[in-house]
Amino acid sequence: MSSTVSLSSIVLIVISTIIVLGGTSLVAILIGKKKKSQEDWAVGGRSLPIYVIVGTQYATAMGGGILVAHVGIGYGSGWSALSYGLLVSGGIAFLAVIAKWLREQNFTTVPDIITRFYGDNKVLLVLASVGSILVPFGWMCTQLVAFGKLYSAITGLSVPLLMTIFAIISLAYVLPSGLSSVAWTDFIFGCLMLCMTVFSVYFVMKLGGGWANIVAKAPPEITAFPGGMKAVGWATIALWSLSILPGSLTNQMYYQRIFAIDKVKLVRTSLIISAIVILTADVWASFMGIAIRSLKPGLAPELASGWFLTQVPAWFLALFSAFLCATIMSTIDSGIQSVAVNITTDIYHKLVNKKATDKDLTKYSRIFSAASVALALALALWYPQALGWLVATYAYSAAVLLFPIFMGYFFRNTKVLNAQGAIASMVGGVIGCAIATVLKIKIPYVAYGLVGSLVCLFLVSYLTKKQSSKLRASNN
């Protein structure tokens with residue numbers, strides 16, 4: 001792509017990107033001057049209005065994948081991208097079932113939820129923390145890889161250099177005040193994203209000569225609705241169902257925004273609206289993919305967005321590149337903040353230094369943010385495969401956390417489950433995934449992890465029921 005982009009276009013791209021990143025990072029710094037407490041850093045001071053919550057949920061969920069992978073799905077399999085979006089949105093909407101209870105408890109992280117269900121247990125706390133970190137950390141690696149590869153195609157600069165620059169810049173959004181600065185800048189990014197999706201639809205419709213002409217030139221099996229939603233194949237849809245849906249239900253970044261909303265009564269509404277808005281992103285991805293397929297058949301699916309950018313005016317290319325940068329930044333900053341909160345709150349404060357002050361925790365949150373970015377950059381440079389990071393972290397996080405969270409919620413007022421069962425569930429989930437991966441079983445490995453987690457949760461809880469009862473009695 002770089003050979004088809006003129007020097008003047010590259011200059012415009014760089015300028016628009018600097019303006020977007022510079023302006024929003026300034027907003028983050030200004031917010032940081034007003035929001036200084038650890039609660040501001042961890043959960044936005046529990047004072048974020050509903051429109052900011054919806055904006056940050058939308059911006060966080062989109063990420064760089066929507067522009068490459070999802071449009072690629074639309075290019076190759078039409079409305080199947082909408083099937084993917086239904087699973088993501090379905091997970092977020094399902095969280096509305098327990099959202100009011102979650103917000104009322106004033107939790108900070110997912111391990112707080114686990115501790116409420118199963119009691120204080122150091123081993124359980126560490127396992128829950130690691131499980132909570134998996135998806136945000138995987139997203140960090142994914143977004144660094146996505147930015148490096150996409151901007152390298154546009155500018156011709158090396159992927160490692162671009163990844164390093166982006167990693168450094170991303171800290172400007174997190175360090176000032178954590179979720180407070182991340183959420184407000186995500187809201188701005190989200191507004192920009194919505195505007196650019198409308199503009200891109202206009203341009204692709206203009207290039208394609210209208211929707212009727214686009215449909216006439218694209219394969220009918222991918223443009224039919226709702227038939228095109230299964231064009232990707234049932235096996236792939238099954239894989240998505242076993243990884244994306246459970247992964248959405250255990251994604252700490254979504255939970256933190258539940259914890260951060262200002263009004264408890266609006267938390268369910270915020271999730272339903274977020275799910276609807278996020279779903280529209282995959283409607284857009286399907287539409288764009290189908291349209292580009294009609295204009296330029298024969299591309300590798302992931303190159304569809306890149307080809308489209310070579311067909312638009314230089315000014316729109318510059319704006320779209322800023323949109324691209326904003327989309328990726330909105331996800332990586334959320335990932336950084338989420339990982340740092342887990343390490344600071346659940347590991348450092350609860351296990352290492354229980355006497356840490358609010359000021360200490362904020363300081364260490366910033367230190368752990370920088371350290372996690374450095375590690376993510378190193379791993380992304382070592383293994384620059386965005387999809388690989390995303391799928392693996394979603395799968396293992398779901399296998400570790402899904403049943404301990406939701407079975408814990410539904411049985412919270414009983415003595416059916418205990419800490420020993422929860423620990424076994426998390427370990428069983430990892431072992432199930434690992435064995436299926438090593439043996440290269442055709443059924444998605446996450447399925448074995450989920451089954452192992454569920455069986456271990458109830459079986460070990462039952463086998464240790466008497467021991468758990470004695471321990472509770474001694475503590476009382």
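We count residues from 1, following the sequence as given. Computed over heavy atoms, backbone and side chain alike; hydrogens, waters and symmetry mates excluded.
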Heavy atoms only: give me the nearest [X]-[Y] pair and the separation to one decimal.
X	Y	answer
Gly131	Ser397	O-OG, 3.3 Å
Val460	Ala424	CG2-CB, 3.4 Å
Ala183	Val52	O-CG1, 3.7 Å
Ala436	Tyr448	CB-CD1, 3.6 Å
Tyr58	Val277	CD1-CG1, 3.4 Å
Cys141	Leu379	SG-CB, 4.5 Å

Atom pair [atom1] ([X]) and [atom2] ([Y]), whose distance is rounded to the nearest 0.5 Å:
X	Y	atom1	atom2	answer
Phe137	Ile336	CZ	CD1	10.5 Å
Lys415	Lys465	NZ	NZ	9.0 Å
Trp234	Ser241	CH2	OG	9.0 Å
Leu242	Leu87	CG	CG	10.0 Å
Leu266	Leu271	CG	CG	11.0 Å
Ile92	Ile272	CD1	CD1	10.0 Å

Are any non-hydrogen side-chain atoms of [X] and [Y] less than 4.5 angstrom apart?
X	Y	answer
Met253	Gln337	no
Leu450	Leu454	no
Val135	Gln252	no
Tyr254	Ser248	yes
Ser170	Asp333	no
Val126	Leu351	yes
Leu377	Leu144	yes
Lys230	Ile237	yes

Output yes when a side-chain donor or acceptor of [X] lies under 3.5 Å from a complementary backbone atom of [Y], and no otherwise.
X	Y	value
Ser83	Met229	yes
Ser270	Val267	yes
Ser461	Asn418	yes
Asp282	Ala285	no
Arg103	Ile261	yes
Tyr118	Pro404	yes
Ser372	Ser369	yes
Ser365	Leu361	yes
Ser80	Gly228	yes

If we check side-chain contact (heavy atoms from CB on, under 4.5 Å) with Val339, which of these qualifies: Val341, Ile343, Asn342?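 For Val339, the side-chain contact (heavy atoms from CB on, under 4.5 Å) test succeeds with only one of Val341, Ile343, Asn342, which is Ile343.
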What is the ring orientation for Trp184 with Phe187, classed by angle as parallel under 30°, tilted 30 to 60°, or perpendicular over 60°?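 Judged by the thresholds at 30° and 60°, the geometry between Trp184 and Phe187 is perpendicular.
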Please step through side chain to side chain contact (heavy atoms under 4.5 Å, CB included) for the pair Trp79 and Ile290, ending with a clear verdict. CA-CA 8 Å; Trp79 293 108; Ile290 292 170; 3.7 Å; yes
Suppose we screen for ring-ring contact (aromatic ring centres under 6.0 Å, His included). Which residues come up paired with Phe147, at least two apart in sequence or across chains?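 Applying ring-ring contact (aromatic ring centres under 6.0 Å, His included) to Phe147 gives Tyr151, Phe166.
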Residues two or more places apart in sequence or in another chain: which of them pass ring-ring contact (aromatic ring centres under 6.0 Å, His included) with Phe94?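 Scan of Phe94 (ring-ring contact (aromatic ring centres under 6.0 Å, His included), adjacent residues dropped) gives Phe406.
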Which residue pairs pass the ring-ring contact (aromatic ring centres under 6.0 Å, His included) test with at least one member in residues 324-363, sequence neighbours excluded?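 Sorted result for residues 324-363: Tyr348-Tyr364.
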Please determine which of Asp112, Thr345, Asp120, Thr344 meets the side chain to side chain donor-acceptor pair (under 3.5 Å) test together with Lys350.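 Passing option: Asp112.
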For the residue pair [X] and [Y], confirm or rule out a side-chain donor-acceptor distance under 3.5 Å.
X	Y	answer
Gln256	Ser338	yes
Asp360	Thr357	yes
Arg257	Ser334	yes

Verify side chain to side chain contact (heavy atoms under 4.5 Å, CB included) between Leu102 and Tyr255, making sure each step is shown before the conclusion. CA-CA 8 Å; Leu102 288 171; Tyr255 282 86; 3.8 Å; yes
Which residue in the set Tyr84, Trp284, Phe287 passes ring-ring contact (aromatic ring centres under 6.0 Å, His included) when paired with His70?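 Of the listed options, the one satisfying the test is Tyr84.
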From CA spacing to verdict: side chain to side chain contact (heavy atoms under 4.5 Å, CB included), Ile405, Tyr409: CA-CA 6 Å; Ile405 291 174; Tyr409 174 78; 5.7 Å; no
Give the intermediate values and the outcome of side chain to side chain contact (heavy atoms under 4.5 Å, CB included) for residues Leu124 and Met426. CA-CA 9 Å; Leu124 182 60; Met426 293 178 181; 3.7 Å; yes
Would you find more than 12 non-hydrogen atoms of other residues, nucleotides or ligands less than 6.0 Å from Tyr462 atom OH?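 Result for OH/Tyr462: open.
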